[in-house]
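Everything on this sheet refers to the single structure shown next.
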Amino acid sequence: MSQAVLDVIKGRRCIREFANEPVSEKLVRGLLDAARYAPSAGNRQAWFFYVVKSQAVKAKLAKAALGQSFLKDAPINIVVCAEPDTSASRYGSRGAELYCLQDTAAAVQNILLSAHGFGLAACWVGAFDENAVKNALDMAQNRRPVAIIPVGYTGLETPPEAPARREIDSISKIVNDK
């Protein structure tokens, strides 16, 4: 792995304070481009992305996200949705219940890493009322909101320190032939 990639991975932080500065269409398209290159089961690409710029809709999303008001402060919110039927058409219930969620998680990580690489701040928000998010976006029934990602330029003077990470030996086991 190149050091540059590792630096982006280690340097990314969840930022919840945003400057009042718009994000260019070019950068938004770059984030979506990164998302669509995430791995997906059987290359089904069982995802859909809503880019929310509307202040009224961002306010509804903040309310749906249990009052996480920083969603209103970000220039955009990207709502990452799974399309369970797309995955189920090939993989049945395992596709609908698991693979499409794994696919969207990979897409979310690509968005977060590319945002950091582009000099943007972002945060993965998973605590929300799914039905309220669906209603806020007049979402098609075949879509399931999985994450809301507020994106913008940081409003912080300095990024927060990296939180402590568990030691590699405490989270892994090498399995060899005996």
Side-chain angles (χ1 to χ4, degrees), residues 2 4-40 45-83 100-140 143-163 165:
S2 79
V5 171
L6 193 55
D7 288 346
V8 169
I9 291 169
K10 288 184 174 184
R12 184 209 58 79
R13 300 283 178 276
C14 287
I15 304 294
R16 295 173 179 85
E17 292 181 43
F18 299 94
N20 187 18
E21 183 178 345
V23 175
S24 73
E25 277 306 307
K26 182 179 179 183
L27 289 178
V28 171
R29 291 190 67 79
L31 296 171
L32 296 173
D33 195 33
R36 73 189 180 111
Y37 275 92
S40 67
Q45 302 175 50
W47 48 51
F48 191 86
F49 308 93
Y50 291 88
V51 179
V52 179
K53 296 179 179 183
S54 162
Q55 201 59 42
V57 176
K58 287 190 292 182
K60 289 178 183 179
L61 293 176
K63 184 176 179 185
L66 314 174
Q68 296 183 71
S69 62
F70 60 90
L71 293 174
K72 295 183 289 189
D73 300 332
I76 65 167
N77 287 188
I78 300 174
V79 180
V80 180
C81 299
E83 292 185 333
C100 65
L101 299 177
Q102 292 173 329
D103 297 348
T104 56
V108 168
Q109 183 70 341
N110 279 12
I111 292 169
L112 294 173
L113 292 173
S114 61
H116 179 63
F118 293 152
L120 297 169
C123 180
W124 184 331
V125 175
F128 55 82
D129 178 313
E130 285 188 36
N131 287 327
V133 171
K134 284 181 151 193
N135 290 336
L137 294 169
D138 195 24
M139 192 176 290
R143 295 190 181 124
R144 179 179 179 193
V146 176
I148 304 170
I149 308 171
V151 180
Y153 292 94
T154 186
L156 300 173
E157 291 288 324
T158 57
E161 291 292 318
R165 297 293 177 186

Inset, instruction - Any chance you could measure Tyr50, atom OH, to Asp138, atom CG, to the nearest 0.5 Å? - result: 8.0 Å

Inset, instruction - For Lys58, enumerate each residue passing the side chain to side chain donor-acceptor pair (under 3.5 Å) test, keeping only those at least two apart in sequence or located in another chain. - result: Gln55

Inset, instruction - Report the distance from atom CD1 of Ile15 to atom CG of Leu120, rounding to the nearest 0.5 Å. - result: 11.5 Å

Inset, instruction - Work out which heavy atom in Ile111 is nearest to a heavy atom in Ala35; give both atom names and the distance. - result: CG1-CB, 3.6 Å

Cut-off 3.5 Å, no hydrogens considered: what does the side-chain donor-acceptor table look like for residues 67-76, sequence neighbours left out?
residue, atom, partner, partner atom, Å
Gln68, NE2, Ala65, O, 3.0
Gln68, NE2, Ala127, O, 3.2

Legend entry - Nearest heavy atoms of Gln45 and Arg36, plus distance in Å: OE1-O, 4.4 Å

Legend entry - Check: Met139 and Phe48 side chains under 4.5 Å, non-hydrogen atoms: no

Legend entry - Euclidean distance, Arg144 CZ relative to Lys134 NZ, rounded to 0.5 Å: 8.5 Å

Legend entry - Test side-chain contact (heavy atoms from CB on, under 4.5 Å) applied to Ala105 - qualifying residues, sequence neighbours left out: Trp124

Inset, instruction - Over all heavy atoms of both residues, which pair between Asp103 and Ser40 is shortest? Give the atoms and the distance, please. - result: OD1-CA, 3.2 Å

Legend entry - Euclidean distance, Asp33 CG relative to Asn110 CG, rounded to 0.5 Å: 10.0 Å

Legend entry - Side chains of Val79 and Val133 in contact at under 4.5 Å (non-hydrogen atoms): yes

Inset, instruction - Would you please name every residue forming a salt bridge (charged side-chain N to carboxylate O under 4.0 Å, His left out) with Lys10, sequence neighbours left out? - result: none

Legend entry - Partners passing side chain to side chain donor-acceptor pair (under 3.5 Å) against Glu17 (at least two apart in sequence or in another chain): none

Inset, instruction - Only counting residues at least two apart or in another chain, list the ones meeting side chain to side chain donor-acceptor pair (under 3.5 Å) with Gln109. - result: none

Legend entry - Which residues share a side-chain contact (heavy atoms from CB on, under 4.5 Å) with Ser114, sequence neighbours left out: Leu31, Ala34, Phe118

I'd like a table of donor-acceptor pairs (distance under 3.5 Å, sequence neighbours excluded) in which one partner is a side-chain atom from residues 151-160, with atom names and distances.
residue, atom, partner, partner atom, Å
Thr154, OG1, Leu156, N, 3.0

Inset, instruction - Check salt bridge (charged side-chain N to carboxylate O under 4.0 Å, His left out) between Arg143 and all other residues, then give those that pass, not counting sequence neighbours. - result: Glu83

Legend entry - Residue list, salt bridge (charged side-chain N to carboxylate O under 4.0 Å, His left out) with Arg29, at least two apart or on another chain: none

Inset, instruction - Just jot down the salt bridge (charged side-chain N to carboxylate O under 4.0 Å, His left out) partners of Glu21, sequence neighbours excluded, or say none. - result: none

Legend entry - Over all atoms of both residues, closest heavy-atom pair of Thr104 and Trp47: CG2-CB, 4.0 Å

Legend entry - Side-chain touch Asn77/Pro150, heavy atoms, less than 4.5 angstrom: yes

Inset, instruction - For Asn131, check side chain to side chain donor-acceptor pair (under 3.5 Å) against everything at least two apart and list the hits. - result: none

